[in-house]
S.K.: 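My structure is below; once you've seen it, I'll send some questions.
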Amino acid sequence: EPRIGLERERNARTAKEGMLYSTRHVRLRDNVSLGVRMFGLPEEWPLPLDTLVPLGGENRLAECTYWHGDLSLGTPRKRPSESGKVLFAAIAPLDLNGDAKFEGGTCELLKGLRVVSACLDRAIRIGGWDYRNGGNPLPMRSMITPGSVFFCEVDDDSAYARIGCSEELVGFGLRTEFGYGLTAVGCWG
């Protein structure tokens, strides 16, 4: 759902010059939930359970409940492929800093994997707001689109350890702590 917005001067209630922005929203279908896995919360921190809380940039209402189900997508594996041919399918936008260099087929932000081929759509542009520093807009960044697939070759066991192939999901690029760069691991060839 694309939306267009205009930042306003709070005191004058008029539009700020040059502050037109656009966003894309995703509306979940009925019976679809958004799950979050959290660790290390202080015991005394009150969780807003079984109550409605504002969520997202438009403060839509969401209900928080505990769920003790399994979030795993598959069986963890130490090596997805004995042949060294591994593919990574982007589940979330992949932030390679917009100017990542592929030298000899490798890219430092892809943890030194040798990229043989990739199926990519046009880059998407993502910005945001810096609420910690006065609510200023963050610069737009070019990101690799979810659904993109990288076909890679891995030479040795140390590369498998470096990319975390003991998990079903691997994070590549920048800002993985915010959910960017999440990829699913598979085999090819």
Side-chain angles (χ1 to χ4, degrees), residues 1-2 22-29 32-41 55-57 67-130 137-189:
E1 298 177 10
S22 65
T23 61
R24 278 191 279 172
H25 297 252
V26 175
R27 184 180 303 275
L28 298 179
R29 293 179 182 252
V32 174
S33 299
L34 179 65
V36 178
R37 188 184 298 182
M38 292 186 282
F39 302 95
L41 295 176
L55 176 70
W67 181 62
H68 298 288
D70 184 16
L71 293 177
S72 176
L73 296 178
T75 306
R77 48 181 89 72
K78 290 194 187 224
R79 288 186 67 150
S81 171
E82 292 300 322
S83 68
K85 294 181 177 182
V86 183
L87 68 83
F88 299 95
I91 297 172
L94 184 58
D95 185 357
L96 295 183
N97 200 23
D99 61 356
K101 305 286 188 272
F102 285 83
E103 296 179 11
T106 64
C107 173
E108 183 181 324
L109 291 173
L110 291 176
K111 301 185 182 180
L113 295 171
R114 188 171 55 256
V115 178
V116 176
S117 182
C119 297
L120 307 172
D121 198 355
R122 189 172 59 195
I124 57 174
R125 305 276 292 157
I126 296 179
W129 292 94
D130 186 354
L138 293 170
M140 298 291 282
R141 297 172 71 117
S142 292
M143 308 242 186
I144 292 178
T145 311
S148 300
V149 180
F150 291 87
F151 297 89
C152 302
E153 288 181 341
V154 180
D155 290 331
D156 56 26
D157 288 335
S158 67
Y160 282 100
R162 189 171 64 245
I163 60 179
C165 275
S166 61
E167 302 291 332
E168 352 24 40
L169 301 175
V170 177
F172 286 113
L174 304 175
R175 303 190 298 164
T176 55
E177 67 274 19
F178 299 115
Y180 292 101
L182 190 63
T183 60
V185 182
C187 306
W188 67 278

S.K.: Any non-hydrogen side-chain atom of Leu174 less than 4.5 Å from a side-chain atom of Arg141?
M.R.: yes

S.K.: Name the atoms and distances for all side-chain donor-acceptor pairs under 3.5 Å in residues 117-126, with sequence neighbours left out.
M.R.:
{"from": "Arg125", "atom 1": "NH1", "to": "Ser142", "atom 2": "OG", "distance (Å)": "3.0"}

S.K.: Taking side chain as C-beta onward, heavy atoms only, is Ile91 less than 4.5 Å from Thr183?
M.R.: no

S.K.: Please assess Phe88 against Val185 for the test side chain to side chain contact (heavy atoms under 4.5 Å, CB included), listing each intermediate value before the final yes or no.
M.R.: CA-CA 5 Å; Phe88 299 95; Val185 182; 3.9 Å; yes

S.K.: Side-chain contact, heavy-atom cut-off 4.5 Å: Phe178 with Thr176?
M.R.: no

S.K.: With heavy-atom distances below 4.5 Å as the criterion, would you say the side chains of Phe150 and Ile144 are in contact?
M.R.: yes

S.K.: Measure the shortest side-chain to side-chain distance between Leu94 and Tyr180 over non-hydrogen atoms and say whether it is less than 4.5 angstrom.
M.R.: no

